[in-house]
There are 2 protein chains.
Amino acid sequence: MAEKSTREVSMTASRNAPETTPEDRAATRPEGRTAAAPRLSRLSRAQWLREQLENAIVDGHFAPGDRLDPVALARDYACSRTPIREALQQLEASGMVRVYPKRGTFVTQLGVADLIERFDVMAELEGMCARLAARRITQEELAGLRQAHESCRDCLDGSDADRYYHANGTFHHLIYAASHNAFLTQEATRLHAILKPYRRLQLHVHHRLQESFAEHEAILEAIERHDANAARRAIQQHVQLQGNRFNDLMATMPQLREDPLA
Amino acid sequence: MAEKSTREVSMTASRNAPETTPEDRAATRPEGRTAAAPRLSRLSRAQWLREQLENAIVDGHFAPGDRLDPVALARDYACSRTPIREALQQLEASGMVRVYPKRGTFVTQLGVADLIERFDVMAELEGMCARLAARRITQEELAGLRQAHESCRDCLDGSDADRYYHANGTFHHLIYAASHNAFLTQEATRLHAILKPYRRLQLHVHHRLQESFAEHEAILEAIERHDANAARRAIQQHVQLQGNRFNDLMATMPQLREDPLA
DNA sequence: TGCCCAACTGTTGTATACATCAGGGCCGTG
DNA sequence: CACGGCCCTGATGTATACAACAGTTGGGCA
């Protein structure tokens, strides 16, 4: 009954300091034709919580299938259930969690079929990013991408999977940004975040880091040559390989089952 | 004070009194997630409201830029602000509305640059849908697609733009579904919905219906031949044309201004 | 007369109280 | 002894009350 799959979630004391006042950009548009034109945006508690919870999920503090108890979270974040609930609603719309009415909110647990679907879409989106990036990347962005690539190499030497994982995320995100399509960047980032908990599992597969790095090199090279087709194909293959490898991994780990509540 | 740009949203007359028992659950579920039917999930009031509001936005009852007043909506739907707020939070995560803290919630208003970005992504996603559909579509699905195509032809004769618009949506959605990738279908549907209010504007462009229909024919033909590449290229061109045409339209309507917040 | 500051007002954000429902245990019965 | 229904418990969903804040407006001062 009290299985790990529905373990309680508390992460006490890891969160505090609600004093962060993240004021955003001031008005980039001094007059918007109406006095009611929205100007600056301080994000509310609920939105701040959404970011926190999203990071907690992506970083593995909550595993797929975990229940997110609103009262425990309210206790941990020293607020009431209301903003917690709103944050969870938003996360559900992003696909990070799943709300089962009257039964609770759970971190999205994807089955093999779900993951294949998402990796396919991820490959297509990243392919688009790479294609556009090959055409539109600036010198500064290219330099940053090279630097991120070198960071990956550094982590490679020590076989530090976690650090490599982080540098890898930076590398990919820089490609998204280099597409110069903000919406595409946003969507790719969101999907990347959803898949992150699952990608983590395949980190420790033998020699995977080296292979990944080699694939990165091919991608970077194609982008440097501004070869849109090659860049697209290279990154699509890269992502699809991740998906396939994960699929293999799942086949050997039957305890990772499908969504039990579905 | 009460300026046109932030016109109040009450739709009191258009909204019928929802005293219809909220228990009339999934009866009218157009195209929710198809994830293995997770139980008799009678959706909560907030989720029901999300669907209602989403439809209202997509169908043009709320125009981009309109403010969604929680108290008015609560009055119209005979509930408190809480579920309204949760529904709006979800819609924000979907990109349908924009919440400006302490300022109010507004239907997302996209500028020209935003629209170009989204049409580009839409073209890529639909291209993927068509590519997969060409390979995976079943006979039943193909028959349905042909039927939807013929429905488009019918609307064409009478130059009934609104009905054509609806049939067009069905046609595209069937292609999404024929990809047999539920996640891709979901994402494409979501983006399609976001763009719908803008697509509507170009409906009455002269001869656009005929052109659109001809493009549909090329797409259908390619899918019938199971020619994945041709299908992909045809639908990408189709979507990109919509984007370009919309872009042209916007250039002649300067009063459609950008979204004030990046 | 014009500008600046301060209280006001209406809205949004959060907390709390209440209603409703799913799940489980207990009891009665076949 | 097994099965099925009822009540109880605990959680979630909703309503309402309260607090904080953006924009406004009126008054005071230069």
Side-chain angles (χ1 to χ4, degrees), chain A residues 1-3 6 8-9 18-19 21-24 26-27 30-32 34-50 66-92 97-106 260-261, chain B residues 1-3 5-10 18-19 21-23 25 38-50 66-92 97-106 260-261:
Chain A
M1 49 172 179
E3 290 181 273
T6 59
E8 201 52 38
V9 161
E19 188 44 44
T21 49
E23 68 285 357
D24 280 3
E31 55 83 29
T34 55
R39 291 235 166 77
L40 87 165
S41 76
R42 301 166 59 94
L43 37 100
S44 70
R45 190 85 191 221
Q47 285 177 313
W48 179 78
L49 280 167
R50 184 190 61 76
D66 282 354
R67 190 174 87 94
L68 297 177
D69 184 6
V71 299
L73 292 171
R75 206 169 21 79
D76 291 340
Y77 287 97
C79 65
S80 77
R81 276 173 45 219
T82 309
I84 298 281
R85 277 182 58 83
E86 292 191 353
L88 291 179
Q89 299 277 358
Q90 287 183 270
L91 286 180
E92 200 219 4
V97 306
R98 195 83 199 265
V99 175
Y100 297 94
K102 286 285 186 185
R103 288 203 282 166
T105 302
F106 301 82
L261 291 174
Chain B
M1 46 172 76
E3 301 192 8
S5 65
T6 58
R7 74 181 192 192
E8 200 55 35
V9 160
S10 122
E19 84 285 354
T21 62
E23 285 73 50
R25 52 196 184 79
R39 201 65 79 85
L40 314 176
S41 68
R42 45 195 331 179
L43 32 96
S44 70
R45 189 92 196 203
Q47 286 176 313
W48 180 80
L49 280 167
R50 184 188 61 75
D66 281 354
R67 190 173 86 96
L68 297 177
D69 184 6
V71 299
L73 292 171
R75 206 168 20 79
D76 292 340
Y77 286 97
C79 65
S80 76
R81 275 173 45 219
T82 309
I84 298 279
R85 277 182 59 83
E86 291 191 353
L88 292 178
Q89 299 278 355
Q90 288 183 270
L91 286 180
E92 199 219 4
V97 308
R98 201 78 201 257
V99 175
Y100 298 95
K102 290 285 187 186
R103 299 299 200 81
T105 302
F106 300 82
L261 189 136

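First the proteins, then the strands, lettered A, B, ... as listed; each starts at 1.
The distance from the CD atom of B/Gln90 to the CG atom of A/Leu91 is 10.5 Å, given to the nearest 0.5 Å. Taken from CG in A/Asp69 to CZ in A/Arg75, the straight-line distance is 8.0 Å, to the nearest 0.5 Å. With values rounded to the nearest 0.5 angstrom, A/Arg67 atom CZ is found 12.0 Å from A/Arg103 atom CZ. Distance CG/B/Leu49 to CG/B/Asp76: 11.0 Å, rounded to 0.5 Å.
Remark: A/Arg103 is in phosphate contact with C/dG23, judged by side-chain N or O atoms under 4.0 Å from OP1 or OP2. Phosphate proximity of D/dT12 to A/Arg67: present, with a side-chain N or O under 4.0 Å from OP1 or OP2. Checking the phosphate oxygens (OP1, OP2) of D/dT12, no side-chain nitrogen or oxygen of A/Arg85 falls inside 4.0 Å.
The listed nucleotides are C/dA15, D/dT14, D/dA22; the one nearest the side chain of A/Cys79 is C/dA15. Comparing D/dA20, D/dG13, D/dA15 by their closest approach to the side chain of B/Pro83 singles out D/dA15. Closest approach to the A/Ser44 side chain among D/dT14, C/dT14, C/dT12 is made by C/dT14 (side chain taken as heavy atoms from C-beta onward).
Between the NZ atom of A/Lys102 and the C1' atom of C/dA22 there is a distance of 8 Å, rounded to whole Å. Computed from coordinates, the A/Gln47 CD to C/dT14 C1' distance equals 14 Å when rounded to whole Å. Rounding to whole angstrom units, OH of residue A/Tyr77 and P of C/dT14 are separated by 15 Å. A straight line from CZ of A/Arg45 to P of D/dC21 spans 13 Å, rounded to a whole angstrom. Nucleotide D/dG13 holds its P atom 13 Å from the CG atom of A/Leu68, rounded to whole Å. For B/Ile84 and D/dT16, the CD1 to P distance is 13 Å, given to the nearest whole Å. Rounded to whole angstrom, the span from the CD atom of B/Glu86 across to the P atom of D/dT16 amounts to 15 Å. A straight line from CG of B/Leu73 to P of C/dT12 spans 10 Å, rounded to a whole angstrom.
The only option from A/Gln89, A/Glu86, A/Gln47 that meets the side chain to side chain donor-acceptor pair (under 3.5 Å) definition with B/Gln89 turns out to be A/Glu86.
Nucleic acid contact for A/Thr82: base, since at least one base atom lies under 4.0 Å from a heavy atom of the residue.
Between B/Gly104 and A/Ser80, the residue anchored nearer the 5' end of DNA chain C, judged by the nucleotide with its closest heavy atom, is B/Gly104. For the pair A/Arg81 and A/Ala46, both in contact range of DNA chain C, the more 5′-proximal nearest nucleotide belongs to A/Ala46.
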